[in-house]
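What follows is a single structure, written as structure tokens, with notes after it.
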Amino acid sequence: MEKRRIGRTDLEVTVLGFGCGPIGGLFERVPDERAYATVRAARDSGIDYFDVAPLYGIGLAEHRLGEAMRGRRKDFVLSTKVGRLLKPTTQPQQSMFREKLPFEIVYDYSYDGVMRSVVDSCQRLGMAGADVLYIHDVNRKWQGDALEARFREAMEGGYRALEKLRADGTVKAIGVGVNDPDILVRFAEAGDFDCFMLAGRYTLLEQTPLEKLFPVCEKRGISIVAAGPFNSGILATGAKPGAKYFYADADAAILEKTRRIEAVCERHAVPLAAAALQFALGHPIVASVATGMVSPEEVEANVNHMAHAIPEDFWLELKQQGLLAQETPIPRSARAT
């Protein structure tokens, strides 16, 4: 599988990455053995980039990833996230995870909090360290009116911790992971980051990062990991009743736009999921597309979708119909056909 470099580092990741949110029980329970089998199927298929976070399953996803990859740490690139500490509790908080470990979340983007978060993640993973660390979810959706205070705390505290870990070689790259392009512009201008994980904002349904974020990243040598290429599901399932967009039922406008994209897919014999997975890789700063998978069958399907040949005319028709921004770069495989 093709690999691309992260920023100005020597770290390379496969263009298809494994997002561990779903194996933490996102929206549905996933048996332990199926989670382990899915992770191993991904690694055996050639995927070598795995992304996890304390949030996913409130520690469960890190635990499962570590168990599935025990003894294989040198075989893959690992990223996890900082900013949430997990404290034991007998009354777990409500969350979108249907199964989770008995912890409550405490936000902490301070220097000491980030250092503690890294140690805690290593313990849950059963591994000595990660390759990439992301400051996680410093955006209005998660922080509300505390956003500005969290941003200052992250840059004055947590960022210094990440800088130190990168300088001493503990990690190879540092970044920020959110679903908000505007806050990433602020982070890019405030620090020296290698990569950003942007969830659900550079997809077949949205290209707003082309205006501000991507030019800033190109100038500063920051790579993008495009997470959530299916926009919570609708770009995998299509515009069917109950299709999810950003973790909620898709509204009428999104359903109609998806139907129009599906029509173009049908005319060119391109699976919607294949187009969704390959789309972001058309931009030169995108290093990987990370998506969740909950079965070996999904792994096989996604690997096949990533290899599906998509003709240039498909992307051009999307632009002609106003379904893609005109300035959107198209994937290299299409340009070569």
Keeping the roles fixed (side chain from [X], backbone from [Y]), state whether a donor-acceptor pair exists under 3.5 Å.
| X | Y | result |
| --- | --- | --- |
| T258 | I254 | yes |
| R4 | S288 | no |
| S117 | V114 | no |
| N231 | G200 | yes |
| R201 | N179 | yes |
| S232 | F246 | yes |
| E298 | T38 | no |
| K87 | I105 | no |
| E262 | G238 | no |
| S223 | C195 | no |

May I ask you to say whether [X] pairs ionically with [Y], meaning some side-chain N is under 4.0 Å from a carboxylate O?
| X | Y | result |
| --- | --- | --- |
| D10 | K172 | no |
| D44 | R40 | no |
| R73 | D131 | yes |
| R186 | E148 | yes |
| R70 | E67 | yes |
| E256 | R259 | yes |
| D192 | R166 | yes |
| D249 | K244 | yes |

Hydrophobic clustering (ILVMFWY, side-chain heavy atoms < 4.5 Å, transitive) - are [Y] and [X] grouped together?
| X | Y | answer |
| --- | --- | --- |
| V171 | L78 | yes |
| I6 | F76 | no |
| V303 | Y49 | no |
| Y134 | F196 | no |
| V52 | V289 | yes |

What distance separates [X] [atom1] from [Y] [atom2], expressed to the nearest 0.5 Å?
| X | Y | atom1 | atom2 | value |
| --- | --- | --- | --- | --- |
| D180 | D137 | CG | CG | 10.5 Å |
| L55 | L60 | CG | CG | 12.0 Å |
| L147 | R152 | CG | CZ | 9.5 Å |
| T203 | F230 | OG1 | CZ | 11.0 Å |
| D108 | M115 | CG | CE | 12.5 Å |
| L11 | K3 | CG | NZ | 9.0 Å |

Could you check whether any side-chain heavy atom of [X] comes within less than 4.5 Å of a side-chain heavy atom of [Y], counting everything from C-beta outward?
| X | Y | answer |
| --- | --- | --- |
| L86 | E104 | no |
| E28 | V294 | yes |
| R220 | E189 | yes |
| T80 | V118 | no |
| L281 | M306 | yes |
| V264 | Q321 | yes |
| Y107 | R84 | yes |
| E327 | Q207 | no |

ring-ring contact (aromatic ring centres under 6.0 Å, His included) between F214 and Y202, intermediate numbers included: CA-CA 10 Å; F214 283 10; Y202 190 60; 4.8 Å; yes
Evaluation steps, side chain to side chain contact (heavy atoms under 4.5 Å, CB included), between H308 and N304: CA-CA 6 Å; H308 187 94; N304 289 338; over 6 Å; no
Provide the closest heavy-atom pair for [X] versus [Y] in the form atom of the first, atom of the second, distance.
| X | Y | result |
| --- | --- | --- |
| L210 | A325 | CD1-CB, 4.2 Å |
| F97 | Y56 | CZ-CA, 3.5 Å |
| L235 | P229 | CD1-O, 3.4 Å |
| P271 | A269 | CD-O, 3.9 Å |
| P311 | V270 | CD-CG2, 4.0 Å |
| Q326 | Q320 | NE2-N, 4.3 Å |

Step-by-step salt bridge (Lys or Arg N to Asp or Glu O under 4.0 Å) determination, D168 to K164: CA-CA 6 Å; D168 66 20; K164 180 180 185 303; 3.6 Å; yes
Counting only heavy atoms from other residues, nucleotides and ligands, does the tally under 6.0 Å from [atom1] of [X] exceed 12?
| X | atom1 | value |
| --- | --- | --- |
| D251 | CG | yes |
| R116 | CZ | no |
| K212 | NZ | no |

Candidate pair F151 and Y109, rule side chain to side chain contact (heavy atoms under 4.5 Å, CB included), full reasoning: CA-CA 8 Å; F151 183 85; Y109 296 94; over 6 Å; no
Distance under 6.0 Å and angle within 45° of ring axis: R150 vs W142: no
Cationic tip of R34 above Y36 ring, under 6.0 Å, 45° of axis: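 No.
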Whether F314 and H268 hold their rings parallel, tilted or perpendicular, with breakpoints at 30° and 60°: perpendicular
Qualifying residue for side-chain contact (heavy atoms from CB on, under 4.5 Å) with I285, from P215, P209, C217: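 Option passing the side-chain contact (heavy atoms from CB on, under 4.5 Å) with I285: C217.
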Contacts of type salt bridge (Lys or Arg N to Asp or Glu O under 4.0 Å), residue E12, not counting sequence neighbours: none
From CA spacing to verdict: side chain to side chain contact (heavy atoms under 4.5 Å, CB included), D51, M197: CA-CA 10 Å; D51 174 72; M197 176 168 279; 3.5 Å; yes
Within the 6.0 Å centroid threshold, strictly below: F193 and Y159: yes
Trace of the side chain to side chain contact (heavy atoms under 4.5 Å, CB included) decision for I23 with F18: CA-CA 10 Å; I23 66 167; F18 187 102; 4.1 Å; yes
